[in-house]
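Notes follow the structure.
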There are 2 protein chains.
Amino acid sequence: MSETRTRPKRATIFDVAAEAGVSRGTVSRVLNGEPYVSQSAREAIEAAIDKVGYVRNTAARNLATQTSGAVALIVHEPHAVFVEDPNIGAILLGTNTALSDADYQLVSLIIDSDRDTDRVVSYLGGGFVDGAIVVSAREDDPITAALERLHIPTVLVGRPETAPELPSVSIDNRTAARDITERLVSTGRRRIGMIAAALDRDSGRDRLAGFRDALGDAFDDALVVEVPLYSFHSGQEGMRQLLRRAPDLDGIFAASDAIAAGAVDVLKEAGKRIPNDVGVVGFDDSAWALRCQPALSTVRQPAGALGARAAELVLDEIRRGERQRGVVLLPTEVVWRDSA
Amino acid sequence: MSETRTRPKRATIFDVAAEAGVSRGTVSRVLNGEPYVSQSAREAIEAAIDKVGYVRNTAARNLATQTSGAVALIVHEPHAVFVEDPNIGAILLGTNTALSDADYQLVSLIIDSDRDTDRVVSYLGGGFVDGAIVVSAREDDPITAALERLHIPTVLVGRPETAPELPSVSIDNRTAARDITERLVSTGRRRIGMIAAALDRDSGRDRLAGFRDALGDAFDDALVVEVPLYSFHSGQEGMRQLLRRAPDLDGIFAASDAIAAGAVDVLKEAGKRIPNDVGVVGFDDSAWALRCQPALSTVRQPAGALGARAAELVLDEIRRGERQRGVVLLPTEVVWRDSA
DNA sequence: GGAGGATCTGTGAGCGCTCACAGAATAAGA
DNA sequence: TCTTATTCTGTGAGCGCTCACAGATCCTCC
């Protein structure tokens, strides 16, 4: 319990050196885990750090190393989606934790309009960040292109097909979609439809592909409807269309829990009972899933872990220059509840 | 269009000085908006800044000024709430924008468990942030106490009663709650209940008080039920209780849109028609409001603006030492839709 | 015309750290 | 024993900026 009446004067590397009876250089070496430090010096320094309560001054370090100590998290979504989408929040949280553990700052850049694109690109060119994580990159994303041009270490969350050289972390959407659809099949559903979304991203396309995989010959184009967003509203809209086309369907795979919730809403209004008349499954295992009546069967997506893993990958590249090649897939899990 | 094949060497204050034919000191003065700079020098410097594409090196500035250039956003909520609550997301966004406009970094500290409290307190003591914004502070919050002890400029979003010396930004929950309840009354509802929440915070208490204000003598204790969280689930729970107590009620004021959505759910299940049999109003104007069937009448809360305003207040205190006294109230607005 | 006050400008030092280099200590081999 | 690696340590310079100080220039007024 130290006295904290006034803002404490922070100890510097100099104080540590004096306390340990060595020079600044040696302290710096210990701090950075460099070799060529004697056991005795190391121990003395570690004790001294503890004693004087030293913590590194990031600004000084960044100035000396000509780095920023910051990583950008670039989210290319309207503000509304950013606020609403639980996955994005979880990714942000995961990234934030991983970065601050490593003493890095997270700078979040939200790109809402196209005007923002220019602003962000020039910001990135200014050397304010040592690396970047791009969430839900679109095909032909100008930001991703700029990042490559600037040689800024970058990791994508989700994997668009046009930037295969960049490392990315994602989930196996296709397999997960196949798995959950298969269980829909194995519980006896015969006329299964899908509400697909975001077909301009890998997540959307792969979920559709997985659905197709599971149905095999039974796949029927007419039972797939595409909606623009992973949203409740889109779910309602899609479900209405689908019901018009095929009033007799008995299973629905929705590309996200929010969509599934919208679908459930419309189905109930149409007098269908869930899961008795129609089985519904979603994707994400977000709070939507539990909010539904009945609770949604869905695929658990490790959103926080995705963010954390992406952070670790950029850090690897920033600090050791090691670029992970290709895509890292994190495991998903089917969660079976009451809606199917 | 400059060549960007390799990471561009950033221009320094020195380059600007050379280009403008003045000294570093004068450039620094212009950069910091200090007086005593001749018109001609100022113009030359501004032109030079443009020409060489100078942007200030934050690390160097922070080192020289002995500041961190960062403001903490402290959210004392479980991770789940952080991810789900649209208000928190919007506050974060507003804060982030305001801070980065002023060249400050936002550091988000999420306190989930009590273990985090210690970690955060010691982090704050380390001089890593120049100011702090505390969202949804509880009564007797240990973090708030630590912040005062450390003399770190702090602004609260929402106003707990035990920290009246700290400036805060909030909305007039009481008046807003009264207004929306009054419109419920004026449209002919006679038996109006309330689902209250979070009575350990000003937001919760004031909404209840406003409700009471609007009903006057007609206020009936038995028609108020308290639930633990501003959540959909809590809304369902509360509504069930209320229906048991008073199956004949014809109006509901829910302390948040999420609660209202839960209430609507239960009411529909119970065969009530909305708004014909029961009128329902919420609070927040979050995405929940539009998600409801029928769309929710509610109070629009300027969450983004709350965050931005809080940021401006801390910045005022950090930069000019001016502490705003008391609470800043931002205006709300009743949004009349179809649920009442 | 010169004193005294404003207004403007340049310079050195220093913020806390890292990095390259040189020098000291130790170990190993002839 | 002396040489030559190898391991370890200290020192100076410099990252880009701000701040205090001193000096220069310009007015104003007696």
Side-chain angles (χ1 to χ4, degrees), chain A residues 7-46 48-49 52-70 103-105 126-128 130 318-319, chain B residues 7-46 48-49 52-70 103-105 126-128 130 318-319:
Chain A
R7 285 239 216 166
K9 183 84 181 155
R10 284 170 67 177
T12 73
I13 204 176
F14 220 94
D15 302 325
V16 175
E19 177 69 32
V22 298
S23 75
R24 306 168 357 252
T26 308
V27 176
S28 176
R29 253 160 250 144
V30 170
L31 250 26
N32 295 306
E34 283 169 27
Y36 296 146
V37 176
S38 68
Q39 189 61 24
S40 61
R42 169 163 281 122
E43 277 162 11
I45 289 169
E46 273 159 4
I49 287 176
V52 304
Y54 170 79
V55 298
R56 192 191 241 146
N57 181 321
T58 318
R61 174 170 218 266
N62 291 344
L63 179 59
T65 54
Q66 295 283 75
T67 59
S68 68
D103 234 330
Y104 270 73
Q105 281 297 327
F128 294 107
D130 299 337
I318 291 172
R319 296 196 285 201
Chain B
R7 285 241 217 165
K9 182 84 180 154
R10 282 170 70 176
T12 75
I13 204 176
F14 218 96
D15 303 325
V16 176
E19 177 70 32
V22 296
S23 75
R24 305 167 357 253
T26 308
V27 176
S28 177
R29 251 159 253 146
V30 170
L31 250 25
N32 295 306
E34 283 169 28
Y36 296 145
V37 177
S38 68
Q39 190 59 26
S40 61
R42 169 163 281 124
E43 277 163 11
I45 290 169
E46 273 159 5
I49 287 177
V52 303
Y54 171 78
V55 297
R56 188 190 246 150
N57 181 322
T58 319
R61 174 169 218 265
N62 291 343
L63 179 58
T65 54
Q66 295 283 77
T67 59
S68 67
D103 234 331
Y104 271 73
Q105 281 296 327
F128 293 107
D130 300 336
I318 291 172
R319 296 195 286 200

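Below, all heavy atoms of this structure are taken into account, side chains as well, without hydrogens, waters or symmetry copies. A note on names: the letters A, B, ... follow the listed sequences, proteins ahead of strands, and every chain is numbered from 1. These figures come from a predicted structure and were not determined experimentally.
- At the phosphate of C:dC8, neither OP1 nor OP2 sits under 4.0 Å from any side-chain N or O atom of B:Gln39.
- The side chain of A:Asn32 places an N or O atom within less than 4.0 Å of a non-bridging phosphate oxygen (OP1 or OP2) of C:dT18.
- Closest to the side chain of A:Gln66, from the set D:dC17, D:dC15, C:dT18, is D:dC15.
- Rounding to whole angstrom units, CG of residue A:Leu63 and P of C:dG16 are separated by 12 Å.
- Under the 3.5 Å distance criterion, the side-chain polar atoms of B:Asn32 are left unmatched by any main-chain donor or acceptor of B:Arg29.
- C:dC17 atom P lies 16 Å from atom CG of B:Asn57, rounded to whole Å.
- Closest to the side chain of B:Ser38, out of C:dC8, C:dC17, D:dG16, is C:dC8.
- Side-chain nitrogen and oxygen atoms of B:Thr26 include at least one within less than 4.0 Å of the OP1 or OP2 phosphate oxygen of C:dG10.
- Taking only side-chain nitrogens and oxygens, A:Thr12 never comes nearer than 4.0 Å to OP1 or OP2 of C:dG16.
- In the interface, the side chain of A:Arg24 is not paired with the base of D:dT11 through any donor and acceptor atom under 3.5 Å apart.
- Residues that satisfy the side-chain contact (heavy atoms from CB on, under 4.5 Å) test with A:Gln39, not counting sequence neighbours, are A:Glu43.
- When the side-chain nitrogen and oxygen atoms of A:Ser28 are compared with OP1 and OP2 of C:dT18, one or more of them lie within a distance under 4.0 Å.
- When distances run from any side-chain atom of A:Thr65 to the nucleotides D:dT18, C:dC19, D:dG16, the shortest one goes to C:dC19.
- Between B:Tyr36 and D:dC19, a side-chain N or O to OP1/OP2 separation shorter than 4.0 Å is absent.
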